[in-house]
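The chains referred to below are lettered A, B, ... by the order of the sequence lines, with proteins before strands, and numbering in each begins at 1. Treat the numbers as computed from the prediction; the structure is a model and nothing was measured.
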Amino acid sequence: MDLTFSAGELAFRDEIRAWLASNLPTEAMASMDTPAGFEQHRAWERVLFDAGWSVPSWPRLFGGRECSLVEWLIFEEEYYASGAPGRVNTNGITLLGPTLFAFGTDEQHERFLPAMASGDEIWAQAWSEPDSGSDLASLSTTAVRDGDHFVVNGQKTWCSRGAWADWIFCIVRTDPGSERHAGLSYLLVPGDAAGLTRRPVGRLDGEPAFAELFFDDCRVHESNLLGGEGDGWSVAMATASSERGLNLRAPGRFLAAADRLAALQRRLAASGAADDELTDQVASAWMKAHAYRWQTYQVASRLQAGGTIGSEASFMKVFWSELDVELHATALRLLGGDGEVVDGPHGRDWMSGYLFALAGPIYAGTNEIQRNIIAERVLGLPRK
Amino acid sequence: MDLTFSAGELAFRDEIRAWLASNLPTEAMASMDTPAGFEQHRAWERVLFDAGWSVPSWPRLFGGRECSLVEWLIFEEEYYASGAPGRVNTNGITLLGPTLFAFGTDEQHERFLPAMASGDEIWAQAWSEPDSGSDLASLSTTAVRDGDHFVVNGQKTWCSRGAWADWIFCIVRTDPGSERHAGLSYLLVPGDAAGLTRRPVGRLDGEPAFAELFFDDCRVHESNLLGGEGDGWSVAMATASSERGLNLRAPGRFLAAADRLAALQRRLAASGAADDELTDQVASAWMKAHAYRWQTYQVASRLQAGGTIGSEASFMKVFWSELDVELHATALRLLGGDGEVVDGPHGRDWMSGYLFALAGPIYAGTNEIQRNIIAERVLGLPRK
Amino acid sequence: MDFSFTDDQLQFRDAVRTLLDDRCPPAAVRSAWTNETGRIEGLWARLADMGVLGLMAPEERGGLGMGEVDLVLLLEEAGRAAVPDPLLEHTAVAIPTLSDAGVCADVVDAAVSGAVTVTVGLADAGPYVLGAEQADHLLLERHASLHLVDAAAATITPVSSVDDSRRLGRVEFALDDAQLVSDDPRARSLAFDRGALGAAAQCVGVAQQLLDVTVAYVAERHQFGRPVGANQAVKHHLANVALAIEFARPMVYEAAWCIATGAEHRSREVSVAKAMASDAVDLACRRALQCHGAIGYTIEYDLQLWLKRGWALAAAWGDSRRHRRRVAAALQLA
Amino acid sequence: MDFSFTDDQLQFRDAVRTLLDDRCPPAAVRSAWTNETGRIEGLWARLADMGVLGLMAPEERGGLGMGEVDLVLLLEEAGRAAVPDPLLEHTAVAIPTLSDAGVCADVVDAAVSGAVTVTVGLADAGPYVLGAEQADHLLLERHASLHLVDAAAATITPVSSVDDSRRLGRVEFALDDAQLVSDDPRARSLAFDRGALGAAAQCVGVAQQLLDVTVAYVAERHQFGRPVGANQAVKHHLANVALAIEFARPMVYEAAWCIATGAEHRSREVSVAKAMASDAVDLACRRALQCHGAIGYTIEYDLQLWLKRGWALAAAWGDSRRHRRRVAAALQLA
């Protein structure tokens, strides 16, 4: 056990810290879930890419710097601590990216990974359908072979940034007679495909952050099939594991939020606008962010030693999503009557952050389902 | 709406308050779950009975004073506020009593109610079996007709005070071919019946408060059948409703505990042994005891106006049982390292109270099952 | 001891519910999110006609001469319907405060008739004034005294709430432009208690509505071949919301009775009510959203109307922590 | 960054587990509840033989010269087995504190060999001393200095714990009868951090054991024609316990490393670990009992051994609230 960063890790940390200090955008960007903000954030992805920071853990061949898992965690800590902009291509880089590495052909790697790394192609995830949410395997969007194309028909929903994304990754039913987990395929669809209509849907914070996608004889070339035809479920589960485990929500963002929360408490207390009564709750939330960091380093050590992460990913998903709610709810309690205000006097907009955090226990598999997974697959309790 | 006590209610309150002030035992009694304490508490029941206070809501014919429901709530408040001893015949008076009034014959009323009121006959409830707890309807203790007797065979468990009780009320299967809720009967069994063996079992606090009962060709006369043969389930549900609703746990005991908790906080704070950090939790627990009081008066008003209480009793059972845990857990937090001590320096033994409180979410139907009832029968959610 | 409402009180409640079903459906509330005034066309006048606005004004001022016990049932309905107007400020605080003080009879008359709207800003109620720009008069606190100010004479800076139908403003005014209503600290304390009670009643109404729509949704929505509401985790989430409401509601009624009768522990009881009602609606918001899943997370679906109102009302007129602290002080715990 | 134990460390842990399975099964723990000493015949000597007692003593004193990182795995096992002796006081606090101070070498030698038992009483650790009557020596705090006292020279008043194998005593002593160990406040602070860390490790072990036995019980116990553990409410109760352990455990290991390496934030990290471990074991106790139902509520069933140990350890060496307050102070929140 050695819980210090190595000389190499420290050098890595100093390098990203210095780069961020010199290169952070000076102007605030619009929300990435508006058309204008989307393009501003895309431009920032290019800045990161040009400096080699957009996908630091990827192979150099595709724009990365082949950093270790621990270095990637360091990158995330520094990135969020700096207050740098949100990453508009997160779903591509952290969810589709690892799945492409695992299941994609060499041609697909070359076709998709560099453009993903540079931000030239921003990705959105379209899995849920109006009648298939938690029960994804009940999905009914079909893709029927026609020569070297698939013809897609159906509807997808809750597609984050799906209104403007350049590409979309979907799960569709390619075997028309199949049921449940069989007969599904993982398809990559251009946002401008003929037969694809996209309707923006307002998220709780008012931004048109979701899209509904309507596929009406939408033709997708077979080269855009990821993994084997009919293997979509197992490919999708690889993505879901990334979503629940380390990839989507590294500790950095919560450590940064915990530090902002502590600073808010100190500031309000110093100005007499808050008393000490919430100290215990602020300390508790900070501790949990800290515990998430160390649990993650423990998991990373296991992975770097050749171990794997399976259903334990559900621990992380439940923990970070409920931690995020707790961090923001505590801030709102500190703010009292100021809590309902958006763009209020306390710098960061904690109410908007709260709204965003409340989605955490829902997406990437509801926390109810994650707890089932922990009980059944980790603890071994009977399913029925 | 008039939330003051009427002149009659005030007179009633003053009368019981004065009586308690003059008649409380001066010597502390042993635990009612020891042989010696059991008899001490029985003697106290006789004192109450002689003054007309053992069953104030019952008809005068059976030793009561026919007080109203609100007056009974007042009685309970005054009783617990005075620090009077626990009631050793609670299961008889509050659970079997109302069931006897509803389902008993005149002969049964005369046979059982006066002796119950006087404490001459202390009752225990024996429903659960080793394999039938939450799933009571799966019980397998049989009672087979033999002339004017039933011959009982089987095993009952978790029978509180069952080792010394004079009488026991059971549910048994009288139709040998029946399953689940059909074919059950409600039987009253003398504690000294031939063929009944009783084994004391230590409760979490170490007292031999439970008993296991072994029925081995135990003969019980048919006059001890309560309700019709085969109607045991519906009779039992009347008892269960008493157990969950108003009867078993009137607000008085929790109001008294909340006041003791507040006093503990004040005393520790005044002596410098506690700081104000737990003020919020003490206030919260006190508020809930107070809310339980007012919710109960609201229900009582509905009942006095001819209304009924059905599945809503589950609200009360969940609330008082979790309130009781919260009251005691908060006290233990106040006590810190003194919390683990039994018979400690802070007067009341909060750890023993905590152990007792922890049984609340289990007995009288687990709180998990009560929440199912609330969801399915009050809110109308689908069972499957 | 009689903890029940009269048939008249319940019938008045039902009539208000019918009115709000008709005039304040979700679509109308949505209009208030985006229109200029943040109000629903014609609703104020209908509430005045029915006597709701002047419920607590004396009969000689055109009011119904009723009290807080009558009022809470109606404010619960206002919560259920997410009425966007500063109804509680106007009806539960401003009119009775001015009436009690025996001042500004012309304003009271106009307020009872619905011709004007009077909103309220007290120091302990929160940093902003609801509907300040839309109101005609503002009842404001300074140095523990209460003053009435014409909206035109105040400086109002709009502030955006998460609930766009809550038009908040930061208000400044000069004492020269204000009329003293009362410098009796008891008047200020009573005004605050009335406001906190009204907010508590609305919280309970919002929580009940969230529970009702969520129960309906999870009974109908199917996943894995059965209703979502058949899952025990969902059942227990909603049972917990029902429990929170079941025990908060009597405290709101009891606190109303304490104000109406000038009971000794009035302020403590109001704080118990608001603390429990705030906690209930906060839990209801969390669970309603979770049980809906993604559809509840959109602005196209009506759930958001009650979620955002619930978050705002949980904190307005003192959040649960502040009210628990008042209870602790009353119990001499701290 | 390498957050893993060595194979040697894990093998030592496994060997201790094997020893405890053999010598400290529930029946043996039960004997300690009722026998005169509150200890298990022969266990202390076996732990000494294996090197556990002297794990942190320098090799020249017969110890293994290891540190806190080696120790926490073993104390987790002690928690799982509900070892009744004052193991952490002796091994994790007394021996290293005396060794660090370079005093009482004879006592250290005897403690390492298991010939004597040394227990500890620090002001912040709680009002009582574990095993005071049974120990030979007591390491006690007065005026922030540490003193060693012969048990015979101290006045010990027994106090009953809910866990009868925790033989507590209120201890008084005269400075004339004591040997000064250290008046350096850093020594006192380090002793406290070591004790809190050890208690945290034991809490995690108790919590894990409660989880394991409860998982086994609910998988086997049937009601309504299926295992109790098939109910989603039971699943979620136990998933929540698993979550609490999953995130407390790395903090215990990290805090151990911080003590072992003298890290700057050592005390803060120890407090994070103890706060989270106390909360984890408290939740585990509540849920284990609830999921067992009535059978867990008897003294005949073994669950009670871990329940009572869990409640005691959650509060011993500072409960979660006190440790959160230390974290808050370190973060300059208050």
Side-chain angles (χ1 to χ4, degrees), chain A residues 128 130-138 157-160 180 199-210 212 273-275 277-278 281 321 325 329 332-345 349-352 354-356 358-363 366-369 371-372, chain C residues 33 123-128 130 159-164 166 168 170 221-226 228 231-234 236-237 278 282 285-287 289-301 303-304 307-322 324-325 328 334:
Chain A
S128 290
D131 291 325
S132 303
S134 291
D135 184 11
L136 182 63
S138 69
T157 190
W158 323 131
C159 180
S160 290
R180 309 293 304 162
R199 186 178 80 84
V201 173
R203 194 172 53 186
L204 209 47
D205 65 359
E207 304 293 2
F210 288 138
E212 279 186 317
D275 49 47
E277 283 194 340
L278 286 168
Q281 290 177 40
S321 60
V325 174
L332 293 180
R333 279 195 287 273
L334 275 169
L335 292 172
D338 256 326
E340 72 172 293
V341 172
V342 293
D343 300 324
D349 179 349
W350 287 98
M351 176 54 87
S352 294
Y354 182 61
L355 296 184
F356 185 78
L358 287 173
I362 297 171
Y363 65 77
T366 67
N367 284 11
E368 286 76 16
I369 287 182
R371 286 187 162 88
N372 289 355
Chain C
W33 277 56
D124 289 343
Y128 311 109
L130 179 64
V159 172
S160 299
S161 167
V162 66
D163 176 345
D164 281 336
R166 282 175 60 86
L168 302 180
R170 185 187 298 280
R221 166 90 173 166
H222 281 61
Q223 290 285 274
F224 300 103
R226 60 181 196 154
V228 167
N231 289 289
Q232 198 179 26
V234 173
H236 287 199
H237 281 335
S278 287
D282 190 59
C285 287
R286 287 282 296 278
R287 297 306 178 232
L289 179 54
Q290 184 69 18
C291 291
H292 273 81
I295 197 171
Y297 204 72
T298 65
I299 52 170
E300 298 188 355
Y301 194 75
L303 191 72
Q304 63 130 355
L307 291 176
K308 292 175 180 174
R309 185 64 54 82
W311 288 318
L313 284 174
W317 292 91
D319 62 12
S320 69
R321 187 174 58 92
R322 281 177 185 272
R324 274 197 302 274
R325 191 164 46 185

Can you say whether Y354(A) sits under 4.5 Å from chain C via the side chain, the backbone, both, or neither, judging by heavy atoms?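 Answer is side chain: those atoms of Y354(A) sit under 4.5 Å from chain C.
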
Under 3.5 Å: donor-acceptor pair, side chain of Q223(C), backbone of S134(A):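 Yes, because the side chain of Q223(C) sits within donor-acceptor range (under 3.5 Å) of the backbone of S134(A).
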
What part of [X] gets closer than 4.5 Å to chain A, counting heavy atoms only: side chain, backbone, both or neither?
{"X": "H237(C)", "result": "side chain"}
{"X": "L168(C)", "result": "side chain"}
{"X": "I295(C)", "result": "both"}
{"X": "A294(C)", "result": "both"}

For chain C, find which of [options] contributes the most heavy-atom pairs closer than 4.5 angstrom.
{"options": "A329(A), G339(A), S132(A)", "value": "S132(A)"}
{"options": "A359(A), S128(A), S138(A)", "value": "A359(A)"}
{"options": "L332(A), T366(A), D205(A), D131(A)", "value": "D131(A)"}
{"options": "G336(A), G202(A), G337(A)", "value": "G202(A)"}

How long is the gap from CZ on R203(A) to CD1 on I299(C), to the nearest 0.5 Å? 10.5 Å

To the nearest 0.5 angstrom, please state how far the CG atom of D163(C) sits from the CD atom of E340(A). 7.5 Å

Could you tell me if the side chain of L307(C) sits less than 4.5 Å from the side chain of L358(A), heavy atoms only? no

Residues in side chain to side chain donor-acceptor pair (under 3.5 Å) contact with D135(A), at least two apart in sequence or another chain: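 Per chain and number, D135(A) pairs via side chain to side chain donor-acceptor pair (under 3.5 Å) with R180(A).
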
Heavy-atom pair with the smallest gap, counting every atom of A233(C) and E368(A): CB-CG, 3.9 Å

